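Report on the following structure.
These numbers were taken from a predicted model, which means no experiment stands behind them.
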Amino acid sequence: MTREFPLEKYRNIGIIAHIDAGKTTTTERILFYTGKTYRIGSVDEGTTVTDWMVQERERGITIVSAAVTAEWKDYRINLIDTPGHIDFTAEVQRSLRVLDGGVVVFDATQGVEPQSETVWRQADKYGVPRICFINKMDRTGASYEDSIGSIRKRLGANPIAMQIPIGSESKFTGVIDLLRKKAFYWEDELGVDMVEKDVPEDLRDEVDARHDQLVEEIAGLDDELTIRFLEGETLSIEDLIAGLRRAVISGKCNPCYAGTSLKNKGIQLLLDAVVDLLPSPLDIPAAVGHSLDESAEILCPTDDNAPAGALVFKIVSDPYVGRLAYFRVYSGTVKQGQMLLNPKKGKKERIGRLIRMYADRRDDITEVYAGEIAAVLGLKETFTGDTLCDPSHPVVLEAISFPEPVISIAVEPKTIADQEKIGLALQKLSEEDPTFVVRSDENTGQTIISGMGELHLAIIVDRLMREFRVAANIGSERVAYKETIRRPVTKVSYKYSKQSGGHGQYGHVVLDLEPNDSGKGILFESKIIGGAIPKEYIPAVEKGVREAAESGPLGGYPMTDIKVSLVDGSFHEVDSSEMAFKLAGSLGFKEAVGKASPVLLEPIMKVEITIPEEYLGDVLGQMSSRRGEIQGTDIHTGRTQVVRAMVPLGEMFGYATTLRSSTQGRGVFSMEFDHYSAVSESTAQKILNS
């Protein structure tokens, strides 16, 4: 089997945006116009290709990112439709990690919304070049210019208007391409026939002026074009597109296009922009990995003949075929039946059935080349963020970092039969989703599941019951509190000594504890010099410390952000053992924490509330009563106000109902986790006693 398309004709792109901006509808139109579907799917009717889960179709939202493959003008487009809801931010994060470019969709009536900002920052983090699609141009209050203005102001980006709309709101009929000075209309109901015409007479002067401005802007982004432009040379359309493409790939600008996906206008020109302006795998720097001991950097060039290097970015438990692993090949070729190494686990995996995904449909293939995205069945030890590589050329690619869960609920099986099924079901769900964590509560013996928000856990519970047929009782939501220490303590000595006939047990440790930076977790280091404790016992001490840190002294919550140093100790030639030192580490850590002013930490959420102006006073009062810290207010569009605040998660339960009733259903809010913060003693007492 050989490549169907040359590598420069591949585009790995993601559709990213705020919830309800029209990502899935845009993806459906792309599939229709590229000939992948023969009828247009509708989110409202639950007939979309990429929203294939029952839960997605019922709620009309995207929950899991879906990969589809399409062709446009002899280019292959691997497309990932990502979720917009903040609870599923991990889906966006892992998709951006393996994509080369993005189409960011904005609602023309809203401009930049809270989640647009989040996904934009995630794309910045991974250096993903982007173009913008201003969608819903037919809606009342839609404004192309205001949307571009909000991209510039709120995202600090450099948006470039490539088109101007013809007509506005319900009279939106087409767009004018400012570079080519041509008008495009979609006159049939399905938008299949794009009609090219001359620019309407009444818009010619404006288009000429905007064209000259655009040429100057593009020339200013590229050194080669700048020189030619200043020398008075006339730049061809091809020159300008090539220069603009270089500027997009280097992150200097974000070209903006207009349309309305639901009314089938603007998608073909957006597809042209994807192939003209977004990078192929050859245009992005080679992926950088490192050796197993992290001592050397290793490049993975985008070359079919190089040693294989691929990153697994998503696991899906498919009810029909088993566990599917989505992966991106950065270098080399992955073939069916090949043995590849998972360097982190030190295990070899045989590549079973290779699949090109078409949302929930599958085409079998035998090889996956550099720069391609596909899925594989049958991997046993490999999960999200793991590398697969040629066993003779081991390399570890940079893993994907995920936010920590902030909300928990207890689940209990209803019957003995469910008891057996629930463990397996929760394991499969946690393999799929790195932000979903399962643990057992030491004090109550309950199974606690944790996730990114109320909707996230509601979907998990729904899947438990439907997909895995597990009947369970669900507890009320609980905040994922943590504990840490406020002050350092030094030389806390703990001696574990037991005599019980024959060999005894002896382990002695001396620990220093100090607060660590936020988000750093538990950091353990040994400062033992001169063999006070033999080297083979030090890992046991660390294990004891980490196990003890799973349950803090205040409320049994996990401890975090503590630096633990093992500074001294002693051992017994006969009685010392790993078990004795593990217990000494565990009990010594608990004793030291008690002396270091332990404190409760709570998750603080970044909240944005959009309301009509007349309700501003009420909402500010609600935030204050919920221990919220107002960060500022902005006028959004017209008489709409946006309130930005930092609020403890524990205070936000039930806020949706409060906001709806106090604004006659006209207020909306979004929130995302921002950081953990120490709780005052009086509040901590209320939390611990509740």
Side-chain angles (χ1 to χ4, degrees), residues 10-16 27 50 62-69 77-83 88-102 119 122-123 125-128 279 281 284-290 300 302 308-318 322-332 334 340-345 349 351-360 362 365 368-389 395-403 428-436 452:
Y10 276 85
R11 298 289 181 270
N12 295 318
I13 66 162
I15 306 284
I16 55 178
T27 305
T50 51
T62 301
I63 293 167
V64 295
S65 51
V68 289
T69 302
I77 299 173
N78 290 317
L79 182 94
I80 296 184
D81 173 30
T82 63
F88 309 108
T89 189
E91 288 288 328
V92 184
Q93 204 137 319
R94 58 177 160 197
S95 300
L96 286 170
R97 170 69 178 81
V98 296
L99 291 169
D100 302 328
V119 295
Q122 287 174 323
K125 177 183 172 185
Y126 291 112
V128 177
I284 59 166
V288 179
H290 54 77
C300 294
T302 311
L311 182 74
V312 173
F313 67 95
K314 183 176 167 65
I315 299 289
V316 176
S317 295
D318 189 294
R323 198 152 63 82
L324 268 176
Y326 284 79
F327 64 99
R328 157 85 188 251
V329 180
Y330 282 97
S331 63
V334 172
L340 290 179
L341 173 70
N342 179 335
K344 277 191 188 166
K345 308 269 171 64
E349 295 267 28
I351 299 300
R353 186 176 158 201
L354 285 170
I355 293 164
R356 176 156 290 128
M357 292 304 294
Y358 175 55
D360 61 336
R362 312 163 187 85
I365 51 177
V368 187
Y369 298 97
E372 292 193 324
I373 290 172
V376 59
L377 272 171
L379 300 183
K380 292 181 174 62
E381 303 282 346
T382 302
F383 298 100
T384 299
D386 285 354
T387 303
L388 289 171
C389 62
V395 59
V396 179
L397 290 163
E398 184 197 347
I400 311 167
S401 57
F402 294 107
K428 283 187 174 178
L429 289 168
S430 65
E431 284 173 2
E432 278 188 30
D433 184 349
T435 58
F436 171 61
M452 297 303 296

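In this structure, T387 contributes its side chain and L397 its backbone to a donor-acceptor pair below 3.5 Å. Looking only at distances, no side-chain donor or acceptor of N78 sits under 3.5 Å from a matching main-chain atom of E372. E349 places a side-chain N or O within donor-acceptor distance of the main-chain N or O of T382, the cut-off being under 3.5 Å. At distances below 3.5 Å, not a single donor-acceptor pair connects side-chain atoms of E398 with backbone N or O atoms of V288.
L340 and A308 make their closest contact through CD2-CB, 4.1 Å (heavy atoms, listed as atom of the first residue, atom of the second, distance). For V128 against G102, the heavy-atom pair with the smallest separation is CG1-N, 3.7 Å. Residue A374 comes nearest to I365 through the heavy atom pair CB-CD1, 4.3 Å, listed as atom of the first residue, atom of the second, then distance. Annotation for F327 and A310: closest pair CD1-CB, 4.0 Å, computed over non-hydrogen atoms. Smallest separation of non-hydrogen atoms from Y369 and V329: O-CB, 3.6 Å. Counting all heavy atoms, side chain and backbone alike, G101 lies closest to P279 at CA-CD, 4.4 Å.
Using a 4.5 Å heavy-atom threshold, the side chains of N342 and L388 count as touching. Counting only heavy atoms from C-beta outward, the side chains of I373 and L99 approach each other to under 4.5 Å. With contacts defined as side-chain heavy-atom distances shorter than 4.5 Å, the pair P281/D100 qualifies. Looking at K345 and F383, their side chains come closer than 4.5 Å, going by heavy atoms from C-beta outward.
Residue-environment remark: NZ (K380) stays at or below the threshold of 12 foreign heavy atoms within 6.0 Å.
Annotation: the span from I351 atom CD1 to L379 atom CG amounts to 5.5 Å, rounded to 0.5 Å.
Seen from the ring of Y330, R328 counts as a face-on cation partner, given the 6.0 Å and 45° thresholds.
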